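Order of the sequence lines sets the chain letters (A, B, ...), proteins ahead of strands, with each chain counted from 1. This is a predicted model, so every value here is computed, not measured.
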There are 2 protein chains.
Amino acid sequence: MRTSEGVEWALHCCLTLVWVGGAEAAPEPVPSARLAAMFELSPTYLNKVLQRLTRAGLLTSVSGPRGGVRLARAPERITVMDVVAAVEGPDPLFACAEIRQRGASAVGAGPREFARPCGVAGAMRRAELAWRRELSAQTVADLAAAASAASVSRVRANHARLAGRSG
Amino acid sequence: MRTSEGVEWALHCCLTLVWVGGAEAAPEPVPSARLAAMFELSPTYLNKVLQRLTRAGLLTSVSGPRGGVRLARAPERITVMDVVAAVEGPDPLFACAEIRQRGASAVGAGPREFARPCGVAGAMRRAELAWRRELSAQTVADLAAAASAASVSRVRANHARLAGRSG
DNA sequence: GGTGACTTACTCGGATATGGAGTGTCCGAGTTAGTGCGG
DNA sequence: CCGCACTAACTCGGACACTCCATATCCGAGTAAGTCACC
């Protein structure tokens, strides 16, 4: 079990969008190809990842020249959980296959025997909820604010350099 | 991202071992093939899963006739986290690839710039720790005790039936 | 009857195939900035 | 000078290969119970 590489990509791209976009309501869109160059990522695959964020309503995509993606809402209202869920999909970490109802172990069980949820699934679900709660407690804005001013300036400068060179 | 099917298998097998073993210090070992029959699982693959639990020190395997596996220590001292870690491996859920240090985004960064851990990785790690804490808070004994007495009796009876028929 | 080694069947353990999801790539549809012509 | 249509390039979006891990399987090494002969 390992989270997709795309999660890290998506979060760093969101942070970059916050930093280069400033506090404006509708900043300049940033092309996904430029974001890929920022982090030396596969441009086409990053595009796929950002598509998921767009479909989830976290990003807004702008077509045509000078197009790209921008945050769909204020970074304070985008949680890390939102990003992870958009990239990884809605499936829970632990998928209970209800093996307790199969095989010899279940022989002789009454019809209402398995009405209550599986204890194993419950334990896993509790842990998963704690994970989700912690992810939901942190917003993209929090992460963006935690970075050092020097890093933010450097990212902004490098982004501007790329914008000037390639369009 | 999804937990391995083997996690559910391993936990249910541990519960079964608790129930059929009783409170004895060294109960009768249960062959993995019988556990597979209990839950209608692939015997050989379940064997592989139980091997990991054995290597992790959670189970003790006994070779030869009337052999099998049994809990290596009291169920109160086996946490759900132990089982998950044994099956899934020691790798963290989120593997930070440090993409922040690559590409145009890092151009012009000083040598000590990335000494502090990545904020994205920190957020993911916090959530992961919450997940692990919750898993560690529950023991196999807790799960075993939470089941209804009827279920436990049924599992014991079915296990005894299998033991009589094939072993 | 007791003891010993042997046979034997049963167990675990690791090396070996297969499938599916994540990863990576490509090309087409759509859109908008820019441009040039005509009024 | 203004407006319009055209061009063109640039973007996103979904359809197509590749790789690695989880899944599933097989066969061999090892072991302890049961057995049989022998003392």
Side-chain angles (χ1 to χ4, degrees), chain A residues 1-10 13 28-37 39-56 58-70 72 84 86-91 93-95 97 99 162-163 165-167, chain B residues 1-10 13 28-37 39-56 58-70 72 84 86-91 93-95 97 99 162-163 165-167:
Chain A
M1 175 173 50
R2 216 181 74 253
T3 53
S4 303
E5 187 111 358
V7 170
E8 185 180 2
W9 299 15
C13 285
E28 281 282 290
V30 179
S32 71
R34 197 184 302 162
L35 288 170
F39 298 108
E40 201 176 326
L41 304 175
S42 161
T44 51
Y45 187 47
L46 176 64
N47 194 9
K48 198 188 206 34
V49 172
L50 296 181
Q51 275 177 37
R52 297 191 180 185
L53 296 182
T54 302
R55 244 174 297 176
L58 303 180
L59 298 183
T60 303
S61 67
V62 178
S63 295
R66 302 188 64 81
V69 294
R70 94 184 110 214
V84 172
V87 176
E88 294 279 346
D91 299 329
L93 271 67
F94 179 81
I99 65 171
L162 283 184
R165 242 200 340 216
S166 75
Chain B
M1 175 173 54
R2 215 181 74 254
T3 54
S4 304
E5 186 112 358
V7 169
E8 185 181 0
W9 298 16
C13 286
E28 282 281 292
V30 179
S32 71
R34 198 184 303 161
L35 288 169
F39 298 108
E40 201 175 329
L41 305 175
S42 160
T44 52
Y45 186 47
L46 177 64
N47 194 9
K48 195 187 204 38
V49 172
L50 296 181
Q51 274 178 40
R52 298 191 180 187
L53 296 181
T54 302
R55 244 175 297 176
L58 303 180
L59 298 184
T60 304
S61 67
V62 178
S63 294
R66 301 189 64 82
V69 295
R70 92 184 112 215
V84 172
V87 175
E88 294 279 345
D91 300 329
L93 271 67
F94 180 81
I99 65 171
L162 284 184
R165 242 198 341 213
S166 75

**Student:** Could you give the CG-to-C1' distance, from A/Leu59 to D/dT11, as a whole number of Å?
**Tutor:** 15 Å
**Student:** Which nucleotide sits closest to the side chain of A/Ser4: D/dT31, D/dT23, C/dT23?
**Tutor:** C/dT23
**Student:** If I take atom CZ in residue B/Arg2 and atom P in nucleotide D/dC20, what distance separates them, rounded to the nearest angstrom?
**Tutor:** 20 Å
**Student:** Do the non-hydrogen side-chain atoms of A/Val49 and A/Leu41 ever get within less than 4.5 Å of each other?
**Tutor:** no
**Student:** Check the distance between C/dT11's P and B/Arg70's CZ and give it to me in whole angstrom.
**Tutor:** 15 Å
**Student:** For A/Glu40, which residues count as a side chain to side chain donor-acceptor pair (under 3.5 Å) partner, sequence neighbours excluded?
**Tutor:** none
**Student:** For A/Ala72, give me all partners under side-chain contact (heavy atoms from CB on, under 4.5 Å), at least two apart in sequence or on another chain.
**Tutor:** A/Thr60
**Student:** Just the rounded figure in Å: distance from P of D/dA22 to CE of B/Met1.
**Tutor:** 13 Å
**Student:** Which residues pass the side-chain contact (heavy atoms from CB on, under 4.5 Å) test with A/Val69, sequence neighbours left out?
**Tutor:** A/Leu17, A/Leu35, A/Leu50, A/Leu59, A/Ser61
**Student:** I'd like to check the ring pair (Phe, Tyr, Trp, His ring centres under 6.0 Å) partners of A/Phe94; sequence neighbours left out, ordered by chain and number.
**Tutor:** none
**Student:** How long is the gap from CD on A/Glu88 to CZ on A/Arg52, to the nearest 0.5 Å?
**Tutor:** 8.5 Å
**Student:** Out of D/dT25, C/dG22, C/dA33, which has the shortest distance to the side chain of A/Arg66?
**Tutor:** C/dA33
**Student:** Between atom CZ in B/Phe39 and atom C1' in D/dA24, what is the gap in whole Å?
**Tutor:** 19 Å
**Student:** Once you round it to whole Å, what is the distance between P of D/dA24 and CD of B/Glu5?
**Tutor:** 7 Å
**Student:** List the steps and the verdict of side-chain contact (heavy atoms from CB on, under 4.5 Å) for A/Val84 and A/Thr3.
**Tutor:** CA-CA 9 Å; A/Val84 172; A/Thr3 53; 5.8 Å; no
**Student:** Measure all distances between protein nitrogen or oxygen atoms and nitrogen or oxygen atoms of nucleotides 5-7 of chain C, and list the pairs falling under 3.5 Å.
**Tutor:**
none

**Student:** Take atom OH of B/Tyr45 and atom C1' of D/dC27, then tell me their distance rounded to the nearest Å.
**Tutor:** 19 Å
**Student:** Walk me through whether A/Asp91 and B/Arg2 qualify under side-chain contact (heavy atoms from CB on, under 4.5 Å).
**Tutor:** CA-CA 8 Å; A/Asp91 299 329; B/Arg2 215 181 74 254; 5.5 Å; no
**Student:** Nearest whole Å is fine: how far is C/dG22 P from A/Trp9 CH2?
**Tutor:** 14 Å
**Student:** Could you run down nucleotides 12-18 of chain D 5' to 3' and tag each one B, S or - for protein heavy-atom contact under 4.0 Å?
**Tutor:** SBBB---
**Student:** If you round to the nearest 0.5 Å, how far is CG of A/Leu46 from OG of A/Ser32?
**Tutor:** 6.0 Å
